[in-house]
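FYI, side chains are in, hydrogens and waters are out, and symmetry mates aren't considered; it's all heavy atoms of this structure. Along the sequence shown, the residues carry numbers beginning at 1.
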Amino acid sequence: MRRLTGWRTGPAILGALAVLVVLCEPAGAQSGGDLDLVDGFEVGIEVSVTLDPTDFDPLTITDTEVSRMRTQLMSDLLVVQMVDQGAARMLAEASSDLRNARDELDQHTEELEALEATLGVAAIEGYIGDSEAEATNIFGLIADSYGIFASETATQLVARRSEALRAVLDATSGLEQAKQRHRIATARKQQAERSIEVHGARRDQFDELVEAHEQAGERADAAAAALSDEVELQSVANAIIVNAEIESEVDRLIADARADGLVIAGGGYRTIAAQVALRLLHCGGSVPLDVEAPTPEAPPDEHAAYAAAVDVHRHRVIYEVPAGACSPPTATPGNSEHQLGLAIDFTD
C-alpha cells in the first residue's frame, strides 16, 4: 500500500490572500499577468493553474512529490473558486446598479415628457392670449393630469423643466457607467469560468496520473516483498527498493533533490546472490588468473584439480578478501547493509 502524505493548507491560504490583494487593488494597480480590456477599461488578471501534469511521470515520481502536487492543485482550486465568487458578486452588484440606473432614467424621462407636454400646450395658449396670467391658468388646468402642482407659475414650470432635463442627462450618464461596469463584471465572470474549466481538466488529468502511479507502486511493492522473507521491503519512486523503515525518508530525499534540480537514482536492497556476484566482480573475479585452465583434451584429473582451485579462489574472493581491497569497496555477504535494505548507492 502506498502511503501518501496529507494535503497541506499553508500554500493554499497564501495563494488565496494573494488573489484577494489583486481583486482589491484599483484599476491599473495590478502587477504580473496580462490585462484584458473592455472599452479601454482593465478587466482583471486571468487566473492561471500552476500545476503541470506533464511533469508527472507515474513510474518515477515519489509519493512526496505527488503530495506536493496535490497541495498545489488544491491551492489553485481555492484561488479560482475565490475569483469566481468575487466575479459573481461583482456581476450581481453591476446588474443591480444597471436596473436601478434604468429605473431612474425612466422616472426622470417620464417627468420631463410630462413637463414638456404641459409647457407645450400652455405656451400656445399663453401666446394666443399674450398674458402671463392666462398662461399660468392654462398650466393649472393641464397640470393635474400630469401630477404637477397647479399652483406653479409658467416661470416655475420652465425652471422645473430645466431641472428635469439635467436629471435626465445625469441619469443617462449614470446608465452608461452602469452598462460599463456590467460589461467589465461580465468579462471577469467569464474569465473566472474559463479558469475553473481549465482547472477541472487539469485535476482530472492529475487524478488519472495518480491512479497510474499507485498501480505501478503496488506492483513494485509486490515485487520487493517477494525478494526477502527476512525484512519488510518497499519501493521508492517505483525503482529503489529499501527497508520499509526508511521508505518515507528516502522518498522525501529524492523529492527534495529533484526540487533543487538534481535527479538521483540508485540501488538499494540486494539479495545474497546479488552480493556474491558483486564480490566476484569487484574483489578478484570468478576464476584464478594465476592458474591455467586445462584444455578440453586434458585428463580428468587435471580438470578436477582446476575445478578445486576455482572453488578455493571463489570462496576466498567472496568471503575472505577485505572489503577495502575491492574496487569499489564491497562488503562480504551477510555483512552488507544493502541486504537489510538500509544502504543505497546513489547515482545522478
Side-chain angles (χ1 to χ4, degrees), residues 1-16 18 48-81 196 198-271 274 336-348:
M1 180 64 67
R2 312 299 290 171
R3 297 190 292 276
L4 300 184
T5 55
W7 296 356
R8 294 174 294 177
T9 58
I13 294 176
L14 292 177
S48 62
V49 180
T50 57
L51 175 67
D52 186 1
T54 59
D55 295 334
F56 192 126
D57 184 351
L59 298 180
T60 61
I61 196 169
T62 70
D63 293 345
T64 298
E65 289 169 316
V66 171
S67 179
R68 289 173 180 174
M69 282 191 171
R70 179 177 282 115
T71 298
Q72 185 60 59
L73 193 65
M74 294 303 296
S75 175
D76 292 339
L77 173 61
L78 180 60
V79 168
V80 296
Q81 286 177 339
I196 289 178
V198 170
H199 181 277
R202 291 284 180 90
R203 183 176 55 186
D204 292 342
Q205 187 177 4
F206 175 78
D207 290 341
E208 293 175 359
L209 291 170
V210 169
E211 183 178 358
H213 165 68
E214 291 176 345
Q215 292 174 351
E218 290 173 358
R219 292 193 296 268
D221 287 344
L227 291 175
S228 174
D229 295 330
E230 299 177 357
V231 293
E232 182 182 355
L233 300 175
Q234 296 286 344
S235 67
V236 177
N238 301 324
I240 303 177
I241 297 174
V242 299
N243 193 302
E245 294 180 0
I246 64 170
E247 176 196 11
S248 60
E249 287 81 0
V250 176
D251 185 289
R252 189 163 54 250
L253 170 67
I254 295 174
D256 290 345
R258 201 133 53 190
D260 290 336
L262 179 62
V263 180
I264 58 176
Y269 173 80
R270 294 180 197 150
T271 62
S336 172
E337 293 290 291
H338 283 282
Q339 290 178 242
L340 297 176
L342 297 175
I344 301 173
D345 295 331
F346 282 112
T347 58
D348 62 13

Is any side-chain heavy atom of [Y] closer than 4.5 Å to one of [X]?
| X | Y | answer |
| --- | --- | --- |
| Q72 | D76 | yes |
| F56 | H213 | yes |
| R219 | N238 | no |
| M69 | I61 | yes |

Nearest 0.5 angstrom please: [X] [atom1] to [Y] [atom2], how far?
| X | Y | atom1 | atom2 | value |
| --- | --- | --- | --- | --- |
| E232 | N243 | CD | CG | 7.5 Å |
| I240 | I264 | CD1 | CD1 | 6.5 Å |
| L233 | L340 | CG | CG | 9.5 Å |
| L73 | R203 | CG | CZ | 7.0 Å |
| T60 | E65 | OG1 | CD | 7.5 Å |

Next item on the list: Kindly give the heavy-atom pair with the smallest separation between Y269 and V231, and that separation in Å.
Entry: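 Nearest pair, atom of Y269 first, then V231: CE1-CG2, 4.3 Å.
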Margin query: Around atom CD of E249, are there more than 12 heavy atoms from other residues, nucleotides or ligands closer than 6.0 Å?
Written below: yes
Check: How would you list, by chain and number, every residue that makes a side chain to side chain contact (heavy atoms under 4.5 Å, CB included) with D256, sequence neighbours excluded?
Finding: R68, R252
Ignoring hydrogens and angles, write down the donor-acceptor pairs under 3.5 Å from the side chains of residues 341-348, residues two or more places apart or on other chains.
from, atom 1, to, atom 2, distance (Å)
D345, OD1, H338, NE2, 3.4
D345, OD2, R270, NH2, 2.6
D345, OD2, H338, NE2, 3.4

Margin query: If we count only N and O atoms by modelled type, under 3.5 Å, do the side chains of Q339 and S336 hold a donor and an acceptor together?
Written below: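 Looking only at side-chain atoms, S336 and Q339 do not form any donor-acceptor pair under 3.5 Å.
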Expected output: side-chain [X] to main-chain [Y] donor-acceptor under 3.5 Å:
| X | Y | value |
| --- | --- | --- |
| T71 | S67 | yes |
| D251 | T64 | yes |
| D221 | S235 | yes |

